[in-house]
Amino acid sequence: MFSFQISDHSKQCTLYKDQYLSMTNYRTCSVHGADGFAFVIHFHPNTTSTIGDVGGQMGFGGIENSLAIAFDTWSNPGEDKIFGDHVSVQSLGTAANDALEAGLLGVPKVHKLADGSVHLARVTYYGELKSEYFNKLVASDSLLPYLKDNGEQKRVGTLVVFLDEGIENDEPLLALPINLSLLLRMPTDQAYVGFTSSTGRFYEKHDILSWTWCDAEPCDFPTVKDFDYHQQSKFSSVSKRYFSPGEGYGGGDTSGFPTKNKSPDTDPWYTPVAYYAKGYQEGLATTADNQVPPNTLY
């Protein structure tokens with residue numbers, strides 16, 4: 001179980017000229033960060049020094065012999081099935097993992113993640129099929145090699161992901177039938193666990209505020225009340241942190257074009273008008289008639 005917060009998204013502003021080529025211009029800005037983070041289980045020779053690829057790979061893409069629960073906040077065109085924040089399970093077995101469509105195990109599920117709120121998540125693996133979660137299954141054809149028993153004590157289990165209210169209500173966001181002993185090669189039935197994250201041209205802050213881990217049954221899972229040490233909300237486990245940007249990053253001078261982390265002014269603005277014909281006096285000297293040579297066509 002862990003709590004997280006995604007905030008301080010990047011902004012991109014674009015200047016548009018009126019389609020009729022008038023003097024009216026518009027500045028539009030989009031506020032959206034990237035790329036997300038993941039809870040990762042792996043057994044890689046580099047142990048705790050293992051690191052994956054950047055950008056859309058969220059720090060776990062490229063890690064061999066790994067499984068990731070991805071909390072994805074960026075939709076990569078042509079590579080993601082869902083446009084918007086979503087949660088997915090990613091693995092290519094013992095091969096190098098992939099954070100995009102190639103590594104999907106099941107169908108991603110939509111859930112608000114990068115809204116600045118503190119969220120609570122719980123990832124649980126049961127060593128048996130849990131029929132009560134069958135209505136949340138997201139299985140796909142890529143799971144077929146891992147849907148069989150691997151001995152008496154290594155049967156097909158159920159990987160379940162809970163978020164926010166679903167933890168108290170015992171209503172998972174998704175459930176996945178899988179035999180982890182077939183998916184990953186773990187000679188001692190042990191693995192490394194942790195979090196990865198990365199950004200690209202667009203960015204945001206990914207904060208893991210607190211987490212707890214249990215690797216041996218029976219697991220005495222903490223309740224939401226126990227996890228909320230400061231009693232601020234149902235989901236917060238630490239005081240919320242706020243980012244005070246410096247000059248050039250939302251602070252300092254606020255004139256002119258918007259800077260990062262500053263809400264821009266999207267009202268239309270106008271290029272100063274200048275006239276050079278004799279018949280118009282605005283912007284011309286009072287002696288304009290004397291400045292135009294005789295016999296000039298204008």
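Residues: numbered from 1 along the sequence shown.
Judged as a salt bridge (charged side-chain N to carboxylate O under 4.0 Å, His left out), the pairs with a partner in residues 169-193 (not counting sequence neighbours) are, in order, Lys136-Glu171, Lys154-Asp189. Applying the ring pair (Phe, Tyr, Trp, His ring centres under 6.0 Å) test to every pair with at least one member in residues 78-101, sequence neighbours left out, gives no pairs at all. Sorted by first and then second residue, the salt bridge (charged side-chain N to carboxylate O under 4.0 Å, His left out) pairs involving residues 125-135 (not counting sequence neighbours) are Glu128-Lys130, Lys130-Glu132.
Although no hydrogens or angles enter the test, the distance criterion places no donor-acceptor pair under 3.5 Å between the side chain of His9 and the main chain of Ala34. Although no hydrogens or angles enter the test, the distance criterion places a donor-acceptor pair under 3.5 Å between the side chain of Tyr125 and the main chain of Ile178. Of the possible polar contacts, none joining the Ser10 side chain to the Gly33 backbone as a donor-acceptor pair under 3.5 Å is found. No donor-acceptor distance shorter than 3.5 angstrom exists from the side chain of Thr199 to the backbone of Asp35, with no hydrogens or angles considered. In this structure, the side chain of Ser3 does not engage the main chain of His119 through any donor-acceptor pair within 3.5 Å.
Scanning all heavy atoms of the two residues, the minimum distance from Met58 to Ala70 falls at CE-CB, 3.8 Å. Scanning all heavy atoms of the two residues, the minimum distance from Val160 to Pro172 falls at CG1-CB, 3.2 Å. Of all heavy-atom pairs between Ser197 and Gly36, the closest is OG-O, 2.9 Å. In terms of heavy atoms, Leu184 sits closest to Gly93 at CD2-O, 3.9 Å. Between Thr158 and Leu129 the shortest heavy-atom distance is OG1-CA, 3.2 Å. The two residues Tyr126 and Arg122 have their closest heavy-atom pair at OH-NH2, 4.2 Å.
Ile63 and Ile208 fall into different hydrophobic clusters, where Ile, Leu, Val, Met, Phe, Trp and Tyr side chains are chained together by heavy-atom contacts under 4.5 Å. Grouping the Ile, Leu, Val, Met, Phe, Trp and Tyr side chains by contacts below 4.5 angstrom, directly or via other members, places Leu143 apart from Leu92. Val40 and Leu105 sit in two unconnected hydrophobic clusters of ILVMFWY residues. Membership requires side-chain heavy atoms under 4.5 Å apart, directly or through other members.
When the side-chain contact (heavy atoms from CB on, under 4.5 Å) test is applied to Val193, the partners found at least two apart in sequence or on another chain are Phe39, Ile41, Trp211, Trp213. With sequence neighbours left out, the side-chain hydrogen bond (donor to acceptor under 3.5 Å, both in side chains) criterion links Asn97 to Ser66. Under the rule for a side-chain hydrogen bond (donor to acceptor under 3.5 Å, both in side chains), the partners of Thr73 that lie at least two apart in sequence or sit in another chain are Glu204. The side-chain hydrogen bond (donor to acceptor under 3.5 Å, both in side chains) check on His42 picks up nothing, with sequence neighbours excluded. Every residue two or more places apart in sequence or in another chain that forms a side-chain contact (heavy atoms from CB on, under 4.5 Å) with Leu104 is listed here: Lys81, Ser88, Gln90, Glu101, Pro108. Not counting sequence neighbours, the partners of Phe202 by the ring-ring contact (aromatic ring centres under 6.0 Å, His included) test are Trp74. Ile51 pairs by the side-chain contact (heavy atoms from CB on, under 4.5 Å) definition with nothing, not counting sequence neighbours. For the side-chain contact (heavy atoms from CB on, under 4.5 Å) test, residues two or more places apart in sequence or in another chain that qualify with Ser140 are Ser142. Taking the side-chain hydrogen bond (donor to acceptor under 3.5 Å, both in side chains) definition, one finds that Ser181 meets it with Asn150, Asn179, sequence neighbours left out.
Within the 4.5 Å cutoff, the side chain of Phe43 has heavy atoms near those of the Pro187 side chain. The shortest distance between side-chain heavy atoms of Leu182 and Pro145 does not fall below 4.5 Å. Counting heavy atoms from C-beta on, the side chains of Val87 and Leu163 come closer than 4.5 Å.
Ring centroid separation for the pair Phe195 and Phe2 comes in under the 6.0 Å cut-off.
Summarising the geometry, atom CE belonging to Met186 is positioned 12.0 Å from atom OG1 belonging to Thr94; distances are rounded to the nearest 0.5 Å. To the nearest 0.5 angstrom, Thr196 atom OG1 is 6.5 Å from Phe60 atom CZ. Distance check, rounded to the nearest 0.5 Å: CG of Leu147 to CG of Asp141 gives 10.0 Å. Interatomic distance, Leu176 CG to Tyr133 OH, rounded to the nearest 0.5 Å: 14.5 Å. The CG atom of Asn46 sits 9.0 Å away from the CD atom of Glu64 when rounded to the nearest 0.5 Å. Interatomic distance, Leu100 CG to Asn76 CG, rounded to the nearest 0.5 Å: 5.0 Å.
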side-chain contact (heavy atoms from CB on, under 4.5 Å) assessment of Leu174 paired with Val89: CA-CA 9 Å; Leu174 62 87; Val89 182; 3.9 Å; yes
Asp72/Asp85 under side-chain contact (heavy atoms from CB on, under 4.5 Å): CA gap, chis, key distance, verdict: CA-CA 6 Å; Asp72 198 336; Asp85 295 353; over 6 Å; no
Audit row: His111, Asp164, side-chain contact (heavy atoms from CB on, under 4.5 Å) steps and yes/no: CA-CA 10 Å; His111 193 282; Asp164 298 332; 3.1 Å; yes
Intermediate values then yes/no, side-chain contact (heavy atoms from CB on, under 4.5 Å), Leu113 and Phe4: CA-CA 9 Å; Leu113 303 172; Phe4 66 91; 3.9 Å; yes
Step-by-step salt bridge (charged side-chain N to carboxylate O under 4.0 Å, His left out) determination, Asp149 to Arg155: CA-CA 4 Å; Asp149 294 338; Arg155 297 187 178 278; 2.7 Å; yes
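Counted by atom type alone, Asn65 and His44 present zero donor-acceptor pairs between their side chains at under 3.5 Å.
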